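A short worksheet on the structure shown next.
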Amino acid sequence: MAETVSESVRLETEGDVALVIVDNPPVNALSWHVRQGLFDGITQASESGAKAIVVICDGRTFIAGADISEFGGGAPQAVGLQEVQSAMEDAPVPVIAAIHGTALGGGLEVALCAHYRVAVSSAKFGLPEVNLGLLPGAGGTQRLPRLVGVPKALEMMTTGRHISSAEALDGGLIDDVVDGDVAALRAAAVAFANRAVAENLPLLRVRDRDDKVAEARGDEQMFADFRRSIARKTRGFLAPEYNIRCIEAAANLPFDEGLKVEGKLFMELMTGPQSAAQRYYFFAERAANKIPDIAKDTEILDIQHVGVLGAGTMGGGIAMNFANVGIPVTIVERDQASLDKGLGVVRKNYERSRSTTAEQVEERMALITGSTDKNDFADCDMVIEAVFEDMALKQSIFRELDEICKPGALLASNTSALDVNEIASVTSRPESVIGMHFFSPANVMKLLENVRGDKSSDSVVATTMAIGKKIKKVSVMVGVCPGFVGNRMLFMRGAEAERMILEGATPAQIDNVLDEFGFPMGPFSMMDLAGLDIGWKEETSSSSTVREILCENGRRGQKNGRGYYTYDPETRAATPDPEVVELIKEFAVEQGIEQREVSDQEILERLLYPMVNEGAKILEEKIAIRGSDIDVVWVNGYGWPVYRGGPMHWADSVGLAEIVEKIEGYSSSLGGKHWELSPLLKSLAESGGQLQTHAS
Ligand code: T1G
Ligand code: NAD
């Protein structure tokens, strides 16, 4: 017989065992009523004469953490997590945590306060707070290393990685694993509880364990080595270092002292801009999945066989995404040589990947069938075109696909900037045509910019979002305009970058400004990586741009070791090249442009404010559904540092009034379309509105 304790927690009994059951969909987050219910439930069960207590959850997962949506405040007063945890740890009878789905963050911290942990074999465990710019603030930094040891705790807490049940059992995090579903878990946990009573097993409090942390006590070298090993990957992020400091405290201080260190560092992060940005971004990525005018029950096409046209830079990577999730792919090239080259690159990429076993390489290669005949697309459910960026070529291709492909097949173009409506207009089924803009390397980059045509059907729109999730991409739906969202804003940044090198800033100076800001690389390193000669033809070159002049001087970028930078043939390290600065200076003189000192602050404003302005125009034109979608595009597709939230969130944090004033200044001093102020930006600045929450 169940007894309700709070709106999301109930008590049940099975013999001598009391079960405290949490039911707070979708992920049993530790909302105030869950904490209150857990505390009241554990207390009641402890006083009920029950000989043991099992904490278990309904739904798809054990507690997946604190309720992030409550961090902004406003939730009703309720007991804190520490009260819940003390009630569990200090209970007079064995407390067993029964885990399925994902025990994450505060959820794992609750489980660490049980005396024993039992899980289903499919369960996952993690302290991913670092991905929210935080650290585990409910004792996890002190209890996890006491169970799994310092090295594992360091790795888990600075990566946020979810580990499997097998790894958790092996590492001492859990005590038993059972195959099956929640019902099997409940039975196993009750049996474990009864055995604990029968065998009078000790009430093990993790906080009392010391052996695992003692191994690292005073071992400064180990911590220094670990810091060095993650320095490059965590550059600019505060939270990883704060997590390490807490684990150092766990190794070197008594439990309660360590808990104080954790509490202090947690609040520093919680009240700082980085975590605010990363928590905003957590919900932004989930919001991007939702297309307001597409009904939840819209038909999703069943994609069992995919076709990819073109096995060049993009085609090969696109095919890998589908093979990686077990979907057969037919990839078609214009001739055998191009096909062999493309498939060769795919195999090499698989063989190079550390996460792919030799057996998996063969499995995935077996799912990719090469051909030079487009008729082999006849029974594909979806075809993605990735041939040269040329409208006439793409239109002739779509005319052919319209003939070849079965009715209802989804026809997508990977164009990076061309008009998807124009491509669709040459077919008899524009409702089946849409843009699916992957990013290079397509098997690595997480972003998928889906480009909705005027006639793309609801089912085609919903299917591209669903298939994006299936191939583990972060999908964002955007409208048709030149360059869509990402490239369109990038063009504005590029225009100012090219202007400033003529005014006296060097390519290295400009790249360093973005490097400091947190981007993986600046515009000039990016151009060198992509190749300076993309779209360049020697016979028509006329020294009319810096890029043409560099190409005319034999500079192609990284591919020939000379571009805006010179590259070490062994290490690929880039060195600023005074010859390039000289070439730019000469061209500036020819253009009558006087060179001057350009400050880093001016460079930052002139690179990022035009992007913000263009983002606002994109919202005005309803090309993006909401401001936060623009941030998801930039974080996942263009390396915008997530601890700054994205260009819209960042602009709001700088202050829109400040940015409007600067844009008006640059517009009158520099001119150019990209400095024409967006009316939306102006009105939001005046009304105190925000870009990140603006829904178009
Ligand atoms: N709080 C509030 N809402 C949450 C949530 C959370 N912790 N986790 C998920 N949701 C919502 C999410 O917004 C979405 O809502 C729905 O649940 C499904 O999520 C004290 C301080 C669990 C692996 O970082 O990693 O504990 O969009 O689409 O792909 O130390 O969600 O449907 O309206 O992601 O199946 C630590 C965060 C918190 C885990 C499921 N915990 N969540 O993935 O579904 S900080 C985390 C996830 C903390 C303590 C600290 C994933 C998931 P909507 P979803 P999914
Ligand atoms: P690429 O030149 O590397 O590859 C294009 C491939 O298409 C070549 O292998 C070519 O042989 C093949 N091809 C050309 N005509 C064909 C035909 N009629 N039938 C079959 N195959 C044919 O180009 P890419 O970089 O892979 O770009 C492909 C598309 O993806 C373009 O629209 C581009 O704008 C877009 N895109 C490129 C990038 C990038 O970073 N390279 C990123 C996103 C989108």
Side-chain angles (χ1 to χ4, degrees), residues 24-31 35 60-71 80-82 85 101-110 124 126-141 157 160 162 262 266 269-270 275 278-279 282-290 308-318 331-335 337-339 341-342 345 371-374 384-391 393-394 396-397 400 413-418 423 435-442 445 447 449 469 472 484 486-487 526 529-531 534-535 637:
N24 184 32
V27 295
N28 289 315
L30 286 160
S31 310
R35 296 194 309 273
R60 64 179 166 143
T61 179
F62 188 76
I63 301 165
D67 185 338
I68 308 167
S69 65
E70 283 187 355
F71 288 179
L81 203 42
Q82 282 181 346
Q85 294 172 304
T102 51
L104 302 175
L108 181 55
E109 291 174 297
V110 163
K124 294 265 194 241
L127 292 178
E129 284 84 346
V130 72
N131 298 331
L132 298 167
L134 290 171
L135 53 85
T141 70
M157 287 166 54
H162 302 179
E262 175 193 282
F266 178 82
L269 291 175
M270 175 65 107
S275 181
Q278 289 176 259
R279 281 180 273 135
F282 175 87
F283 290 111
E285 207 168 85
R286 281 147 186 84
N289 271 327
K290 304 181 173 93
V308 175
L309 186 63
T313 312
M314 297 304 290
I318 293 171
I331 189 162
V332 173
E333 256 290 349
R334 57 188 169 159
D335 55 51
S338 307
L339 180 63
K341 182 168 166 246
V345 172
S371 162
T372 57
D373 182 356
K374 295 190 196 69
I384 303 173
E385 161 275 313
V387 302
F388 304 133
E389 185 76 342
D390 175 87
M391 181 55 87
L393 173 62
K394 290 186 190 291
S396 73
I397 295 271
E400 286 184 72
S413 171
N414 183 54
T415 175
S416 14
L418 297 175
I423 294 172
M436 288 180 76
H437 182 206
F438 290 80
F439 287 73
S440 180
M445 294 297 284
L447 181 65
E449 203 179 24
K469 194 162 191 173
K472 303 192 174 39
F484 318 130
N487 284 346
M526 224 159 129
L529 182 67
I534 290 188

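Counting starts at 1 for both ligands and their atoms, following the listed order. Please read all numbers here as calculations on a predicted model, not as lab measurements.
- The side chain of F71, and not its backbone, has at least one atom closer than 4.0 Å to an atom of ligand 1 (non-hydrogen atoms only; side chain from C-beta on).
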- prompt: Could you go step by step and tell me if L134 and F266 meet the side-chain contact (heavy atoms from CB on, under 4.5 Å) rule?
  reply: CA-CA 7 Å; L134 290 171; F266 178 82; 4.1 Å; yes

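- What sits closest to atom 40 (O) of ligand 2 on the protein, heavy atoms only, is S440 CB, 3.3 Å.
- When each atom of ligand 1 is checked for a heavy atom of F282 under 4.0 Å away, the hits are 8 (N), 9 (C), 13 (O), 37 (C), 42 (N).
- Geometrically, ligand 2 and L309 share no nitrogen or oxygen pair separated by less than 3.5 Å.
- Close contacts between ligand 2 and S416 involve ligand atoms 33 (C), 34 (O), 35 (C), 36 (N), 44 (C) [criterion: under 4.0 Å to a heavy atom].
- Within the listing of ligand 1, atoms 26 (O), 36 (C) sit less than 4.0 angstrom from a heavy atom of G105.
- Between the choices A64, G65, G139, G101, the shortest heavy-atom distance to atom 46 (C) of ligand 1 belongs to A64.
- Heavy atoms of P26 come nearer than 4.0 angstrom to ligand 1 in at least one pair.
- Not close to ligand 2: K341, with no non-hydrogen atom less than 4.0 angstrom away.
- Among residues at least two apart or in separate chains, salt bridge (Lys or Arg N to Asp or Glu O under 4.0 Å) pairs with a member in residues 62-71 are R35-E70.
- With hydrogens and angles ignored, the 3.5 Å screen pairs a side-chain donor or acceptor of Q85 with a backbone N or O of E109.
- Under the 4.0 angstrom criterion, atom 42 (N) of ligand 1 counts as having a protein heavy-atom contact.
- Residue contacts with ligand 1 for D67 involve both N, CA, C or O and side-chain atoms from C-beta outward (heavy atoms, distance under 4.0 Å).
- R60 places no side-chain N or O within donor-acceptor distance of the main-chain N or O of G101, the cut-off being under 3.5 Å.
- Ranking protein heavy atoms by distance to atom 3 (N) of ligand 1, first place goes to F283 CE2, 4.2 Å.
- Of the candidates K394, R334, E333, V387 forms a side-chain contact (heavy atoms from CB on, under 4.5 Å) with just one, namely K394.
- Counting protein heavy atoms only, atom 4 (O) of ligand 2 is closest to G312 CA, 3.3 Å.
- The single protein non-hydrogen atom nearest to atom 9 (C) of ligand 1 is V27 CG2, 3.5 Å, given as residue, atom name and distance.
- Residue contacts with ligand 1 do not include M270, since none of its heavy atoms lies under 4.0 Å from the ligand.
- Checked by atom type and distance alone, the side chain of R279 pairs as donor or acceptor with a backbone atom of M270 at under 3.5 Å.
- Every atom of ligand 2 with a heavy atom of F388 under 4.0 Å away is listed here by number and element: 2 (O), 5 (C), 8 (C), 10 (C), 14 (C).
- For atom 31 (C) of ligand 2, the closest heavy atom belonging to the protein is V387 O, 3.2 Å.
- Taking the centre and axis of the six-membered ring of F282, the NZ or CZ atom of R286 falls inside the cone set by 45° and 6.0 Å.
- Here the side chain of S440 pairs no donor or acceptor atom with the backbone of A442 at under 3.5 angstrom.
- Distance remark: protein heavy atom present below 4.0 angstrom from atom 24 (O) of ligand 1.
- Without hydrogens or angle criteria, N487 side chain to S416 main chain gives a donor-acceptor distance under 3.5 Å.
- Of the polar atoms of H437, none of the N or O atoms is found under 3.5 Å from an N or O of ligand 2, judged by distance alone.
- Looking only at heavy atoms of the protein, atom 20 (C) of ligand 2 is closest to R334 N, 3.4 Å.
- Looking at S275, its side chain does come within 3.5 Å of a backbone N or O of L132 through a donor-acceptor pair.
- Remark: ligand 2 and E389 share an N or O pair separated by less than 3.5 Å (distance only, no angle test).
- The residue among K469, R286, K290 with a heavy atom at the shortest distance from atom 32 (O) of ligand 1 is K290.
- Of the protein's heavy atoms, F438 O, 3.2 Å lies nearest to atom 43 (C) of ligand 2.
- For atom 49 (C) of ligand 1, the closest non-hydrogen atom of the protein is E109 OE1, 3.2 Å.
- Where the criterion is an N or O separation shorter than 3.5 Å, residue side chain and backbone included, M314 meets it with respect to ligand 2.
- No donor-acceptor distance shorter than 3.5 angstrom exists from the side chain of K341 to the backbone of G312, with no hydrogens or angles considered.
- Protein heavy atom in closest approach to atom 12 (C) of ligand 2: E333 OE2, 3.3 Å.
- Distances between N or O atoms of L134 and those of ligand 1 include no value under 3.5 Å.
- For ligand 2, one of its N or O atoms has an N or O atom of N414 under 3.5 Å away.
- Per-atom contact check: atom 21 (C) of ligand 1 touches the protein, criterion being a heavy-atom distance below 4.0 Å.
- The backbone and the side chain of A66 each have at least one atom closer than 4.0 Å to an atom of ligand 1 (non-hydrogen atoms only).
- Contacts between L132 and ligand 1 below 4.0 angstrom, taking non-hydrogen atoms only, involve the side chain exclusively.
- Between the side chain of E449 and the backbone N or O of F484, no donor-acceptor pair lies under 3.5 Å.
- Protein heavy atom closest to atom 50 (C) of ligand 1, with residue, atom name and distance, is E129 OE2, 3.3 Å.
- Residue contact check: P128 has heavy atoms under 4.0 Å from atoms 24 (O), 46 (C) of ligand 1.
- Ranking protein heavy atoms by distance to atom 25 (O) of ligand 2, first place goes to T313 CB, 3.5 Å.
- Checking N24 against S31 by side-chain atom types alone, a donor-acceptor pair falls below 3.5 Å.
- In summary, the atoms of ligand 2 found under 4.0 Å from a heavy atom of T415, numbered by their order in the structure, are 32 (O).
- The protein atom (non-hydrogen) at minimum distance from atom 18 (N) of ligand 2 is I397 CD1, 3.6 Å.
- For atom 1 (N) of ligand 1, the closest heavy atom belonging to the protein is I68 N, 2.9 Å.
- Shown here, atom 23 (O) of ligand 2 is out of close reach of the protein: none of its heavy atoms lies under 4.0 Å off.
- Taking atom 44 (O) of ligand 1 as the reference point, the nearest protein heavy-atom neighbour is R60 NH2, 3.7 Å.
- Neither the backbone nor the side chain of F439 has a heavy atom within less than 4.0 Å of ligand 2.
- For ligand 2, the atoms closer than 4.0 angstrom to any heavy atom of K394 are 31 (C), 32 (O).
- A side-chain donor-acceptor contact under 3.5 Å links T61 to the backbone of T102.
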